[in-house]
Amino acid sequence: MPPAIHPIDLVDILRRHRLTPVIIFLTSRRGCDEAIDTFLHTSSGVSASRSEEIRAFLEQFAKDFPSIANHPLIPVVQDYGVAAHHAGHLPSWKIAIEELMRQGLLDAVFATTTLAAGVDFPARTVVVSQSSVRKSQDFTDLTVSEIQQLAGRGGRRGKDFVGFVVVTPSPYIDLHVLGKGLTGQPESIDSQFVVSYPMVLNLLKAHSLDQIEGLLAKSFAQFQLNQRAAIHQNRLDELHEQLQPYGPRECADWVAQWKVFDLARRRKAHRRPAINTDSPYLTACLPFLTPGRLIGLPKGPAIILRHYRSRGMGIPMLSVLHAKGTLGECQAQRVAQIYDQVYEFQPIRSLPWCSPSTLNQFKNVLSQLPARLPILPILENTREPDDSLLSEILTDEFACPTCPSHAACKKDFSVASGLQLKAQQVTKTIQALRDGLWHQFQQKAAVLHKFGYLTARLELTDEGEWARLIRINHSLLITELIRMDAFSGMAPELLAGVMASIAHDDDRPSSYMRLTPGLASMLVQVRQVADALSAYEPAPLLRSDVAAIAERWIGQTQHGWSSLVRSTSMAEGDVYRLLARTLEFLSQVYGLKVTHSGLADAAHQAMVNMRREVLAELP
Amino acid sequence: MNDNDLQRELVSLPIKYLHRFAKGRIHRHFRLGKRRLIDSILALPSDQKLAIAHDLEQLSSIPKKRATESSTAPRQTPLHPRPSSPKKPHPHKPTSPPIGLQDLLEGIGVPEPKPFVPDDWQRKAVEAIAHSDVIVSAPTGSGKTFVATEAIQQAMATNQTVIYTSPLKALSNTKYMEFSQYFGADQVGILTGDRRDNAQAPLLIMTTEILRNILYDATSGDLDLRLHTLGLVILDESQYLADPERGVVWEETLILCPTQTRLLLLSASIGNPQELAEWLISIRPTTSCHLIQHTKRSVPLRGLYLHPTGQLVPLLDSRDIQQQRKGYRFHPETKRLFSEYEFKPYH
Ligand SMILES: Nc1ncnc2c1ncn2[C@@H]1O[C@H](COP(=O)(O)OP(=O)(O)OP(=O)(O)O)[C@@H](O)[C@H]1O
Ligand SMILES: [Mg+2]
């Protein structure tokens with residue numbers, strides 16, 4: 001969303017108040033480019049001498065980086081001292097703009113908020129006109145860290161006494177997000193550790209299982225999980241204290257005994273409910289799907305208000321409050337994520353299952369959820385469900401009706417069993433927090449064994465020995481393709497095309513591009529394999545247009561960069577990034593030269609063809 | 001509540017709440033300004049409006065609570081609460097006249113060139129890295145690179161190998177040029193997926209992924225990149241540890257790093273550097289770890305609000321922007337102009 005003020009007025013006002021040079025942050029690349037275009041044919045140019053300095057610099061720079069020599073934005077930069085800087089540009093162009101800015105030759109740079117961290121690219125002033133950024137499909141508020149990284153570019157060390165951040169409104173701006181961002185504490189960082197297939201193979205190559213368990217325990221993830229576990233441990237201790245008065249009576253575990261007795265009584269009265277066919281995973285989840293729990297549904301986060309089983313099939317169901325503020329019913333099976341967050345409330349037995357004030361409180365909670373929520377790891381139970389145990393006991397005679405504790409048990413049962421249930425829940429949570437990573441490792445290792453990369457004793461097979469060298473996203477897909485000889489005898493440009501479609505994870509709108517028949521049929525085959533593997537590894541986008549771009553660049557070396565860029569609607573910078581990433585994937589395939597020399601040769605040839613013009617400018 | 005009342009209520013609200021009401025009800029509500037949002041809400045079917053009116057009542061009954069909640073966001077490190085500073089009186093007395101634009105624009109200019117004098121925190125970090133791991137958490141542009149170059153110098157003087165990693169290839173390239181100029185081209189090498197330029201140099205630059213791969217290869221005995229002389233690993237932009245996709249690579253690297261190698265983590269300001277330091281200490285028992293936390297900006301930063309009409313006013317009611325535990329306040333002029341804008345974004 002562009003700011004409400006015109007770019008030319010904006011720069012003029014800042015110039016007048018001696019607030020330049022300035023970096024103006026906008027949401028979209030297009031916004032940046034359009035802002036630059038408005039400067040054409042205006043009178044607010046820079047002095048002739050400055051114009052000359054810029055020209056001289058760019059001319060010199062183009063000697064090392066020929067790709068910028070005929071850049072279409074050069075006239076605007078020279079005449080008006082303004083520039084755009086975003087991911088749609090080539091790295092060489094961005095480096096040139098950064099250097100011009102450092103030398104103080106520019107007045108304004110229009111940039112997107114993706115401006116990379118760590119690039120020394122300061123100005124006297126930064127302009128912010130938004131409080132949110134587009135992330136996947138939705139707009140998300142900027143975090144405190146993000147705002148401080150943007151604002152932090154205001155005020156150059158050694159060149160400014162003071163720096164400025166100027167807020168100017170655009171239609172979707174929340175001043176308070178910015179106010180908080182500028183003055184608040186940056187967010188804590190949380191571990192994002194996940195166990196991947198290459199990690200499992202590489203760890204098993206050099207370490208024993210015991211050592212690996214130790215290595216995983218050293219992760220920041222486990223460090224933070226342990227802290228969460230400690231909090232749950234305190235809660236468990238409290239619960240045990242509360243359970244004190246409900247210790248052993250006539251029978252040691254009177255709560256369980258009473259529960260079975262109670263159930264037996266009821267079953268006599270009713271028809272036996274449908275047999276429990278819940279999957280082991282669902283069974284493991286159910287104890288956590290209790291009222292007040294925050295969960296993730298495919299549509300978004302929700303809070304559970306009650307749980308029950310459907311009348312006919314006995315399927316576990318939930319009544320939930322969606323983030324939109326609407327009530328709904330859904331199958332427990334559809335829960336995508338269980339979060340480590342429970343809100344205590346008093347359930348009631350009719351719609352809306354809680355008091356109106358609770359409902360409002362929950363709506364509030366849901367509308368203000370942080371972007372990342374702590375996920376509760378779930379461990380599947382390997383133990384048989386205690387249904388068989390139950391039916392065994394049901395045939396026995398019960399002592400309960402004549403037991404001296406009968407009255408006390410009847411009175412205390414609901415409180416005690418509630419506390420026990422909570423204690424069990426917490427115990428399981430603690431266990432899951434402590435063992436979650438190790439469990440993840442074992443699951444991944446089981447998959448690798450299934451596919452033949454590991455022996456039953458978790459040693460690397462011959463396949464595993466080379467597969468561990470593929471350490472990129474979608475490694476399982478790539479190694480499986482190699483094993484089924486999908487690439488054998490393949491031309492370098494086809495290999496590059498396939499690698500490009502696997503490597504490219506960006507879902508920006510696709511461009512038109514003709515596919516050769518060979519590549520098209522190859523991509524169909526890759527898609528089939530990817531779909532077959534999707535239970536073990538999320539399938540890549542496999543865009544055919546990006547495959548065609550790579551195929552063309554590798555295969556038709558007589559065509560240059562500008563002709564390639566003209567043939568697609570993708571931005572130059574995106575094409576560059578696509579090819580650079582493809583290069584990385586190819587180099588991993590090249591790493592298999594000992595075991596797969598033919599394939600490695602093709603990869604190498606593709607890499608050689610890749611490295612020309614712009615792609616050869618930087619290491 | 002009739003439409004007129006509803007409209008009046010909506011007008012008095014910050015636009016943020018209007019967007020919240022509109023979410024799921026009005027298509028592409030985030031593209032609308034306040035006036036058009038209110039119009040669209042009023043055009044909704046009556047049951048929807050009723051629901052909104054109900055939400056509105058809830059909202060107005062708890063405004064106080066909401067305000068205090070948002071300004072005192074809970075910190076996420078319950079095990080290590082900050083020592084609470086003695087309660088200071090509120091820094092802004094409501095009676096003092098609001099700060100003027102002239103105060104804010106005072107002092108703009110270029111300082112005289114001065115010889116380079118390292119800051120205290122920079123010197124402390126450089127001293128500490130000689131004998132322990134170091135985590136530096138400092139704002140953008142405060143001079144973390146200086147700590148890196150000094151540490152590299154120290155290590156190279158004793159014939160140790162240094163690896164410097166960054167999260168981005170673009171950044172690696174910039175640093176390669178910068179360091180080549182500073183240390184001499186023959187002293188610096190760069191490693192990418194497919195290229196090794198001067199890989200036997202004492203200072204090697206690479207992305208964190210490449211280092212992770214090297215460490216895996218080294219543990220399985222495949223490759224020795226002078227790892228036995230590896231004295232120092234610098235991880236720039238360490239806040240990437242929290243990156244959803246790539247953060248795991250930083251953890252793998254830190255876990256697999258040889259014990260004799262010292263670690264220098266450079267990070268933008270983060271909320272829990274203490275926690276990070278405690279973690280490093282716990283997994284590297286033979287080395288100590290120094291946390292250098294610097295929160296003050298080197299160049300003071302001031303806030304301005306620019307109205308679409310071109311009017312420039314102070315953003316906050318204080319002159320310099322600083323971390324404020326007690327919350328912040330917008331300048332009255334900013335408040336007035338912004339509410340005007342919210343109502344008529346397209347004037
Ligand atoms: N003590 C000092 N005195 C004066 N200038 C300094 C000092 N330390 C660093 N600088 C200058 O500050 C600028 C920014 O430094 P640097 O790039 O190291 O920041 P950084 O902390 O790495 O920021 P980022 O988080 O963006 O990576 C450089 O131009 C540097 O020369
Ligand atoms: Mg830096």
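A, B, ... follow the sequence lines: proteins, then strands. Residue 1 opens every chain. All figures in this text were calculated on a predicted structure; none of them were measured in a lab. Side-chain atoms are counted along with the backbone in the values below, which use heavy atoms only and exclude waters and symmetry mates.
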Checklist entry - Most heavy-atom pairs under 4.5 angstrom with chain A, which of S269(B), P273(B), A242(B)? => result A242(B)

Checklist outcome for this item: Interface check, chain A: of G141(B), A51(B), G107(B), most non-hydrogen pairs under 4.5 Å belong to G107(B)

Checklist outcome for this item: One option among T326(A), L618(A), I13(A), V194(A) has the most heavy-atom pairs under 4.5 Å with chain B, and it is L618(A)

Checklist outcome for this item: Closest non-hydrogen contact found for R212(B) with R471(A) is NH2-O, 3.7 Å

Next on the checklist: Given heavy-atom pairs under 4.5 angstrom as the criterion, report whether the side chain, backbone, both or neither of L19(A) touches chain B.
Outcome noted: side chain

Next on the checklist: Which atoms of D243(B) are under 4.5 Å from chain A, going by heavy atoms: the side chain, the backbone, both sets, or neither?
Outcome noted: backbone

Next on the checklist: With a 4.5 Å cut-off on side-chain heavy atoms, are Q192(A) and V249(B) touching?
Outcome noted: no

Checklist entry - Atom OG of S367(A) and atom CG of D55(B): how far apart are they, to the nearest 0.5 Å? => result 9.5 Å

Next on the checklist: Is it the case that the side chain of R157(A) and the backbone of S142(B) share a donor-acceptor pair, with hydrogens and angles ignored and the cut-off at 3.5 Å?
Outcome noted: yes

Item to check | Contacting moiety of A217(A), where chain B heavy atoms sit under 4.5 Å | outcome: neither

Checklist entry - How long is the gap from OG1 on T183(A) to CZ on R329(B), to the nearest 0.5 Å? => result 12.5 Å

Item to check | F220(A) and L241(B): CA distance, side-chain angles, deciding distance, side-chain contact (heavy atoms from CB on, under 4.5 Å) verdict | outcome: CA-CA 9 Å; F220(A) 190 45; L241(B) 190 81; 3.6 Å; yes

Checklist entry - At a heavy-atom separation under 4.5 Å, does A221(A) approach chain B through its side chain, its backbone, both, or neither? => result both

Checklist entry - Side chain, backbone, both or neither: which part of D160(A) has a non-hydrogen atom closer than 4.5 Å to chain B? => result both

Item to check | Which of H6(A), H207(A), R18(A) touches chain B most, by non-hydrogen pairs under 4.5 Å | outcome: R18(A)

Checklist entry - Is any side-chain heavy atom of N213(B) closer than 4.5 Å to a side-chain heavy atom of N202(A)? => result no

Item to check | Stepwise side-chain contact (heavy atoms from CB on, under 4.5 Å) check, H19(B) with D174(A) | outcome: CA-CA 10 Å; H19(B) 282 293; D174(A) 185 337; over 6 Å; no

Checklist entry - Is it the backbone or the side chain of E237(B) that comes under 4.5 Å from a heavy atom of chain A, or both, or neither? => result side chain

Checklist entry - Among side-chain atoms of E251(B) and S191(A), is any donor-acceptor pair under 3.5 angstrom? => result yes

Item to check | Contact class of P139(B) relative to chain A, heavy atoms under 4.5 angstrom | outcome: neither

Checklist outcome for this item: Nearest heavy-atom approach of L315(B) to V167(A) is CD2-CG2, 3.8 Å

Checklist entry - Is E245(B) atom CD crowded by more than 12 heavy atoms from other residues, nucleotides or ligands, each under 6.0 Å away? => result no

Checklist entry - Most heavy-atom pairs under 4.5 angstrom with chain A, which of L312(B), D320(B), L306(B), I270(B)? => result L306(B)

Checklist entry - What option among V166(A), N360(A), I173(A) has the most heavy-atom pairs under 4.5 Å with chain B? => result N360(A)

Item to check | Interatomic distance, I108(B) atom CD1 to F164(A) atom CZ [nearest 0.5 angstrom] | outcome: 4.0 Å

Item to check | Side-chain (W279(B)) to main-chain (K218(A)) donor-acceptor, under 3.5 angstrom | outcome: yes

Item to check | Heavy-atom closest pair, residues A268(B) and Q149(A) | outcome: CB-NE2, 3.2 Å

Item to check | Heavy-atom pair with the smallest gap, counting every atom of L182(A) and I321(B) | outcome: O-CG2, 3.4 Å

Item to check | Winner by heavy-atom pair count (cut-off under 4.5 Å) against chain A, out of G247(B), P111(B), P244(B) | outcome: P111(B)

Item to check | Stepwise side-chain hydrogen bond (donor to acceptor under 3.5 Å, both in side chains) check, E275(B) with S188(A) | outcome: CA-CA 9 Å; E275(B) 192 180 1; S188(A) 296; 5.5 Å; no

Next on the checklist: Among H604(A), R156(A), R124(A), which residue has the highest count of heavy-atom pairs closer than 4.5 Å to chain B?
Outcome noted: R124(A)

Item to check | Straight-line distance of F121(A) CZ to T140(B) OG1, nearest 0.5 Å | outcome: 14.0 Å

Item to check | side-chain contact (heavy atoms from CB on, under 4.5 Å) assessment of L583(A) paired with T192(B) | outcome: CA-CA 10 Å; L583(A) 190 65; T192(B) 65; over 6 Å; no

Checklist entry - Is chain B contacted by the side chain of R611(A), its backbone, both, or neither, given a heavy-atom distance below 4.5 Å? => result side chain

Checklist entry - Does a sphere of radius 6.0 Å around NZ in K159(A) hold more than 12 heavy atoms from other residues, nucleotides or ligands, not counting ones at 6.0 Å or beyond? => result yes

Checklist outcome for this item: Bottom line for R302(B): the part with an atom under 4.5 Å from chain A's heavy atoms is both

Item to check | Q323(B) and Q148(A), any side-chain heavy atoms less than 4.5 Å apart | outcome: yes

Checklist entry - With a 4.5 angstrom heavy-atom cut-off, which part of K363(A) approaches chain B: side chain, backbone, both or neither? => result side chain

Checklist outcome for this item: Heaviest contributor of heavy-atom pairs below 4.5 Å to chain B, chosen from S132(A), S219(A), G152(A), is S219(A)

Next on the checklist: Quick check: closest heavy atoms across Y341(B) and A4(A), and the distance to 0.1 Å?
Outcome noted: CE1-CB, 3.6 Å

Checklist entry - Which bit of L316(B) is near chain A, if near means a heavy-atom gap under 4.5 Å: side chain, backbone, both or neither? => result side chain

Checklist entry - Given a strict heavy-atom distance threshold of 4.5 Å, which part of L254(B) is in contact with chain A: side chain, backbone, both, or neither? => result neither

Next on the checklist: If I measure from the heavy atoms of chain A, does I255(B) come under 4.5 Å with its side chain, its backbone, both, or neither?
Outcome noted: both

Checklist entry - Of all heavy-atom pairs between R195(B) and A616(A), which one has the smallest distance, and what is that distance? => result NH1-O, 4.3 Å

Item to check | Test log, rule side-chain contact (heavy atoms from CB on, under 4.5 Å), inputs T174(B) and E99(A) | outcome: CA-CA 11 Å; T174(B) 328; E99(A) 193 50 43; over 6 Å; no

Next on the checklist: Quick check on the interface: out of Q588(A), Q222(A), H176(A), who has the most heavy-atom pairs with chain B under 4.5 Å?
Outcome noted: H176(A)

Checklist entry - Does any heavy atom of chain A fall under 4.5 Å from the side chain of F338(B), the backbone, both, or neither of them? => result side chain

Item to check | Residue part contacting chain A, namely of F116(B), when any heavy atom lies under 4.5 Å | outcome: neither

Item to check | Short N-O contact, E584(A) and K169(B), less than 4.0 angstrom | outcome: yes

Checklist outcome for this item: Honestly, the part of P169(A) sitting under 4.5 Å from a heavy atom of chain B is both

